[in-house]
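One structure below.
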Number of protein chains: 2
Amino acid sequence: MDLQRIAVIGSGALGTYYGARLAAAGHEVHFLMRRDYHAVKSAGLNITSPEGDLKLSHPNIYKTSAEIGPADWIICALKSTSIDEAQNLLAPCMAENTRILVLMNGLGLEERFAGWFGAQRIFGGMAFTCINRGKPGHTHHLAYGPITIGHFQDDKAELAKAIGLWSQSKVTIFESPCLLQSRWEKLGWNIPFSGLAVAAGGITTDRIMQDAGLNSAAHALMAEVLTAGNADLEHHSQKTRIDRGVLIDLFFKSTSTMGAYKPSTMIDFVEGRAMEIEAIFGEPLRRAQSLGVPVPQLTLLTTLLRALNHGR
Amino acid sequence: MDLQRIAVIGSGALGTYYGARLAAAGHEVHFLMRRDYHAVKSAGLNITSPEGDLKLSHPNIYKTSAEIGPADWIICALKSTSIDEAQNLLAPCMAENTRILVLMNGLGLEERFAGWFGAQRIFGGMAFTCINRGKPGHTHHLAYGPITIGHFQDDKAELAKAIGLWSQSKVTIFESPCLLQSRWEKLGWNIPFSGLAVAAGGITTDRIMQDAGLNSAAHALMAEVLTAGNADLEHHSQKTRIDRGVLIDLFFKSTSTMGAYKPSTMIDFVEGRAMEIEAIFGEPLRRAQSLGVPVPQLTLLTTLLRALNHGR
């Protein structure tokens, strides 16, 4: 694939890691950077990773999107709590053929980007990974790393272009034939495990697996979410459905090998930061309620998480 | 009524306050005391109360029940987390006609006492009050104060004796014609308001009232609990039932006037003490489940509270 001009909007842990991987693959990557701007300007961007450490000594970093200007691709890796700022942050990087990869957590975000910039250019990315920010200018990629990518309208030719972008990188990409289904599948894991990890006081996923009550609660929540997901797929006239039994087995088996994993929402919770409640919990809940799917445990969990997020 | 010899087992906030009220009414009250023994020995028992302050300069206090010996009445005001110690703590105070008032929170406690000492002598008391311990030897009665008392077998003649015990005191007593129903009714308030106050991070009841999501969750939990209560009443061949609509209205109206009330379980939570989860939440949940009543939100709430109580 031709080398692309890429704007990374939101240079947190995810944005810096995946942006650096694309830079290492030869693309021209430009980072919109806030917190770490001065540290990176003086000491570069430093990534530790089991896939090989990376150092970008003089990355292209900017304090405003206008300085980046038009790009072939925008990778939007903002926290979903900043979704309302996304339109203004991306607009200066837009050109006629610019494509946007929404590398964020939660449901309904691509719809916002499609409304602002047109549906044909929008992709959603779900990163299955554990990446933390260290001191300014340092990012620690700890484990996993694949991204599942789908096109907002499930256009196969468009999807191929998104896959191609990563072809020379060390990042494994899975193709999603149905972005909406993939989003719900990821929520099927994220809602029970991130939600219980927070609501049970800030615990790791191994405790949820080992505690009979929490394990059972995770099963019940997962079933509610995936049932709502299938109703939403039907509502959107999608032909595919989630095979709930298979996915639940798969998620519990894979989580049992994760050890003391800290979901990002749980890390936000214990470190006192705003949690991404509305995109990960609120929007799925709203859809389930509007579709008439009974989700009593998701309802209570979301209510508690909103209360715990209060004032952050 | 004749003056009675009373043993107060568990001299926390509730035990000291109500024991002092009975002493002020002329009864011979003996306190089993742990934490505050030395402070009370040297400076007496000091109670502040909107019903009038009380000071017992030289109350009868003991470190062991054996020193108290046989009593006419035992008021057991232990925390329900100490229920397994209750038999040994009460035994030295038992005589042939000793009666026991179980002034504790939760469901199924009277059954334990009935199994140990015989059903005919067991009463349950539900205090609707706000009482905190201050520094050693000091108890602060802040608001409310009535006790609803029922006999374990709903024996009217026996119940009259329990009511009579308090006749010269400043404590308002309500008679419960059906102890099991009264226990469930109290749980109908306690489970949603205490449970959400803890699970939402340690908040006061006014926040539950004002937040639309928490208010709705409180309604849903209350309905689940009272439905389970009615099934349990039926299971125990009781003829009475809780009028759920009336009680829910009453509870929400009365809670709206409480202001920033701190349920005792929420105080335990924020101060890092063990919470009374099994008696208040676990036993009602077990009964609902064994009776086949769907209680998805009670299930999740109890699971979260157990996790939050872990290691305390």
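Within every chain, numbering begins at 1; the chains are lettered A, B, ... in the order of the sequence lines, protein sequences first and strands thereafter.
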Contact winner vs chain B - A:G201, A:G213, A:P296, heavy-atom pairs under 4.5 Å = A:P296

Spacing of CG belonging to A:L109 relative to CD belonging to A:E276, to within rounding of 0.5 Å = 8.5 Å

Geometric class of the B:W116/B:F113 ring pair [parallel <30°, tilted 30-60°, perpendicular >60°] = perpendicular

Counting only heavy atoms closer than 4.5 Å, note whether A:I203 contacts chain B via side chain, backbone, both or neither.
-> neither

Which atoms of B:A217 come close to chain A, meaning under 4.5 Å heavy atom to heavy atom: side chain ones, backbone ones, both, or neither?
-> side chain

Is the closest side-chain heavy-atom distance between B:L14 and B:L103 below 4.5 Å?
-> yes

4.5 Å side-chain heavy-atom contact, B:L308 and B:M275 | yes

